[in-house]
Participant: 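Got a structure for you, questions after.
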Amino acid sequence: MNTRILTTLAAGALLAATTACGAQSLEGGTSDAAAAAPDVVLDQAPTEEKAADVINAITPDKDLAAKAPASLKSGGLKVVSSIGYPPMELFASDGKTPIGFDPALARAIARKLGVKVTITDEEFNSQIPGVLTGRYDFVISSMTDNPERQGQVTFVDYVQAGSGLLVKKGNPAGVAGPADLCGKTVSVVDNGSSMELAESYDADCKKDGKAAVDILKFPGDTEAMLQVSNGRAQATVTDYVVAAYKSADPKLAMEAIAIEGTESPWGIGMKPDNKELIESVKGALDALIQSGEYGKLLAAWNLDKLAVQSAVINGGK
């Protein structure tokens with residue numbers, strides 16, 4: 001249900017997700033032999049990753065690490081994403097290192113399983129085929145878990161994401177949700193799900209005998225948000241993750257409001273017959289949730305409202 005416009009980048013460029021610094025043995029021993037030849041050298045998060053401190057503090061779960069597929073132990077976790085949808089996926093200032101919540105969670109899962117990780121940027125529509133052919137272990141790319149995609153991959157759902165509103169800092173128009181948009185001006189991206197939502201809110205206002213919503217349509221998010229900044233519109237409708245990212249920029253002076261009832265699960269997609277991997281990823285995500293590390297990853301990217309309480313397989317309906 002994303003409204004983003006994905007930037008198609010060179011497919012197949014395998015990116016080293018992190019630099020190998022800081023040895024950490026899965027055995028947790030302190031002998032000279034263990035120090036000289038650790039079982040696994042865990043990857044460090046990129047310095048520009050907002051959740052770097054959280055990621056680097058994650059230690060392997062010995063039980064989960066022992067049950068992880070042999071291919072992960074020998075070749076590392078191979079992850080695919082489509083970089084270009086902040087704050088979920090974006091490049092660091094070097095233009096090649098993936099950061100954002102999705103890469104952060106992929107790195108966290110790898111550390112919990114005690115394995116290394118690589119993250120590759122691929123065009124969105126190439127990701128599921130890459131998983132099915134075995135080129136990648138899983139896709140994590142703001143991908144909605146729905147029945148159609150469940151026919152190809154098995155998902156472990158990791159967030160609940162929906163739509164949101166952006167309003168001026170301090171919310172001078174008093175907009176708490178869609179019911180407060182009657183009689184107000186709302187800016188949207190033309191011909192997308194945000195426009196459809198705005199039109200449905202307008203219809204609800206008219207049905208209830210209230211003033212209509214004045215909908216301003218624009219070709220992109222930037223133009224739509226500008227209308228709120230300059231006072232022409234009281235709110236703009238967009239994906240909540242976009243709203244949260246923009247509201248975190250103090251220069252924009254905006255606030256994000258989640259629109260209740262629009263949420264759907266986004267999932268980590270894997271080959272359905274790879275049962276061992278699916279259980280490992282589910283176990284790692286549950287462990288991160290229970291430890292509080294998952295919540296800290298979300299908080300680092302201002303995405304607390306996307307949190308799930310447990311890892312669910314194929315929860316999209």
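Worth knowing before you read on, the calculation uses all heavy atoms, side chains too, and leaves out hydrogens, waters and symmetry mates. One is the number of the first residue; the rest follow in order along the sequence.
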Participant: Whether Lys67 and Asp63 form a salt bridge (side-chain N of Lys/Arg under 4.0 Å from carboxylate O of Asp/Glu) is what I want to check.
Facilitator: no
Participant: Got more than 12 heavy atoms from elsewhere within 6.0 Å of CG, Asp304?
Facilitator: yes
Participant: Does Asn230 use its side chain to pair, donor to acceptor, with the backbone of Arg232 at less than 3.5 Å?
Facilitator: yes
Participant: Heavy atoms only: give me the nearest Pro98-Pro46 pair and the separation to one decimal.
Facilitator: O-CG, 4.2 Å
Participant: Is there a chain of hydrophobic side chains (I, L, V, M, F, W, Y, each step under 4.5 Å between heavy atoms) that links Val312 to Tyr294?
Facilitator: no
Participant: Tell me whether Tyr158 is reachable from Val308 by hopping between hydrophobic residues (I, L, V, M, F, W, Y) whose side-chain heavy atoms are closer than 4.5 Å.
Facilitator: yes
Participant: Roughly how far, to the nearest 0.5 Å, is OG of Ser71 from CD of Glu276?
Facilitator: 7.5 Å
Participant: Would you check if Ser229 and Met254 make a side-chain contact, meaning some heavy-atom pair closer than 4.5 Å?
Facilitator: yes
Participant: If you apply the rule salt bridge (charged side-chain N to carboxylate O under 4.0 Å, His left out), what do you find for Asp202 with Lys206, and how did you get there?
Facilitator: CA-CA 6 Å; Asp202 175 52; Lys206 292 173 180 175; 3.0 Å; yes
Participant: In sequence, state the C-alpha distance, the side-chain angles, and the governing distance for Leu298 and Val159, and then conclude on side chain to side chain contact (heavy atoms under 4.5 Å, CB included).
Facilitator: CA-CA 10 Å; Leu298 284 169; Val159 292; 4.3 Å; yes
Participant: After noting the C-alpha distance and the side-chain angles of Leu165 and Val237, does the key distance pass the side chain to side chain contact (heavy atoms under 4.5 Å, CB included) rule?
Facilitator: CA-CA 5 Å; Leu165 298 167; Val237 183; 3.6 Å; yes
Participant: For the backbone of Ile55 and the side chain of Arg111, can you confirm whether one donor and one acceptor N or O come within less than 3.5 Å of each other?
Facilitator: yes
Participant: With sequence neighbours left out, what residues match Asp137 under side-chain hydrogen bond (donor to acceptor under 3.5 Å, both in side chains)?
Facilitator: none
Participant: Are Met88 and Leu90 connected in a single hydrophobic cluster, I mean Ile/Leu/Val/Met/Phe/Trp/Tyr linked by side-chain heavy atoms less than 4.5 Å apart?
Facilitator: yes
Participant: Is it the case that the side chains of Thr97 and Glu48 hold a donor-acceptor pair, with the cut-off being a distance below 3.5 Å and no angle test?
Facilitator: no
Participant: Working note: Val153 + Val139, criterion side chain to side chain contact (heavy atoms under 4.5 Å, CB included); need CA distance, chi angles, decisive distance, verdict.
Facilitator: CA-CA 10 Å; Val153 295; Val139 51; 5.7 Å; no
Participant: Could you tell me whether the side chain of Ser187 and the main chain of Ala233 form a donor-acceptor pair under 3.5 Å?
Facilitator: no
Participant: With clusters defined by side-chain heavy atoms of hydrophobic residues (ILVMFWY) lying less than 4.5 Å apart, directly or transitively, does Leu306 cluster with Ile140?
Facilitator: yes
Participant: Within a strict 4.5 Å, meaning less than it, do heavy atoms of the Met143 and Ile128 side chains meet?
Facilitator: yes
Participant: Using atom types as modelled and distance alone, determine if a side-chain donor or acceptor of Asn302 lies under 3.5 Å from a backbone N or O of Ala244.
Facilitator: yes
Participant: Are the side chain of Asp102 and the backbone N or O of Glu89 linked by a donor-acceptor pair below 3.5 Å?
Facilitator: no
Participant: Would you name the heavy atoms of Ser264 and Thr144 that are closest together and state the gap between them?
Facilitator: OG-CG2, 3.9 Å
Participant: So, do Tyr85 and Val241 sit near enough that their side-chain heavy atoms are less than 4.5 Å apart?
Facilitator: yes
Participant: Taking Val115 as the fixed residue, which of Leu77, Asp43, Ile109 is the one that meets the side-chain contact (heavy atoms from CB on, under 4.5 Å) rule?
Facilitator: Leu77
Participant: Kindly compute the distance separating CG (Leu42) from NZ (Lys116), expressed to the nearest 0.5 Å.
Facilitator: 7.5 Å
Participant: Out of curiosity, Asn274 CG to Phe138 CZ, how far, rounded to the nearest 0.5 Å?
Facilitator: 11.5 Å
Participant: Using a 3.5 Å distance criterion without hydrogens, assess whether the side chain of Glu263 forms a donor-acceptor pair with backbone atoms of Gly261.
Facilitator: yes
Participant: So do the side chains of Phe155 and Val281 get within less than 4.5 Å of each other, counting heavy atoms only?
Facilitator: no
Participant: If you compare all heavy atoms of Phe124 against all heavy atoms of Ser82, which two are closest, and at what distance to 0.1 Å?
Facilitator: N-OG, 3.9 Å
Participant: Counting only heavy atoms not in Lys50, do more than 12 sit closer than 6.0 Å to its NZ atom?
Facilitator: yes
Participant: Report the distance from atom NZ of Lys282 to atom CD1 of Ile313, rounding to the nearest 0.5 Å.
Facilitator: 5.5 Å
Participant: Got a second to check how far Leu297's CG is from Arg107's CZ, nearest 0.5 Å?
Facilitator: 11.5 Å
Participant: Show the nearest heavy-atom pair for residues Gly267 and Asp157, with the distance to one decimal.
Facilitator: CA-OD1, 3.7 Å
Participant: Is there a side-chain contact between Leu285 and Leu105 (heavy atoms, below 4.5 Å)?
Facilitator: yes
Participant: Check whether Asn56 reaches the backbone of Ala45 with its side chain - one donor and one acceptor, N or O, closer than 3.5 Å.
Facilitator: yes
Participant: Please examine the side chains of Met270 and Tyr136, heavy atoms only from C-beta on, and report whether any two atoms are closer than 4.5 Å.
Facilitator: no
Participant: Show the nearest heavy-atom pair for residues Val117 and Ala110, with the distance to one decimal.
Facilitator: CB-CB, 3.7 Å
Participant: For the residue pair Ile289 and Gln309, establish whether any side-chain heavy-atom pair is separated by less than 4.5 Å.
Facilitator: no
Participant: Please check if the side chain of Glu255 supplies one atom and the backbone of Leu166 the other of a donor-acceptor pair under 3.5 Å.
Facilitator: no
Participant: Let's go through Gln234 and Val167 carefully: what are the C-alpha distance in whole Å and the side-chain angles of both, what is the deciding distance for side chain to side chain contact (heavy atoms under 4.5 Å, CB included) to 0.1 Å, and is it a yes or a no?
Facilitator: CA-CA 6 Å; Gln234 284 75 60; Val167 299; over 6 Å; no
Participant: Taking side chain as C-beta onward, heavy atoms only, is Leu303 less than 4.5 Å from Tyr245?
Facilitator: no
Participant: Tell me whether Leu64 is reachable from Ile268 by hopping between hydrophobic residues (I, L, V, M, F, W, Y) whose side-chain heavy atoms are closer than 4.5 Å.
Facilitator: yes
Participant: Listing request: all salt bridge (charged side-chain N to carboxylate O under 4.0 Å, His left out) pairs with a residue in residues 292-303, at least two apart in sequence or in separate chains.
Facilitator: Lys112-Glu293
Participant: Got a second to check how far Trp266's CH2 is from Ser141's OG, nearest 0.5 Å?
Facilitator: 9.5 Å
Participant: Where the side chain of Lys73 meets the backbone of Ala66, is there a donor-acceptor pair that is under 3.5 Å apart?
Facilitator: yes
Participant: Between Gln150 (side chain only) and Gly316 (backbone N and O only), is there a donor and an acceptor less than 3.5 Å apart?
Facilitator: yes
Participant: Mind listing the closest non-hydrogen atom pair of Leu288 and Ala108 along with its distance?
Facilitator: CD1-CB, 3.9 Å
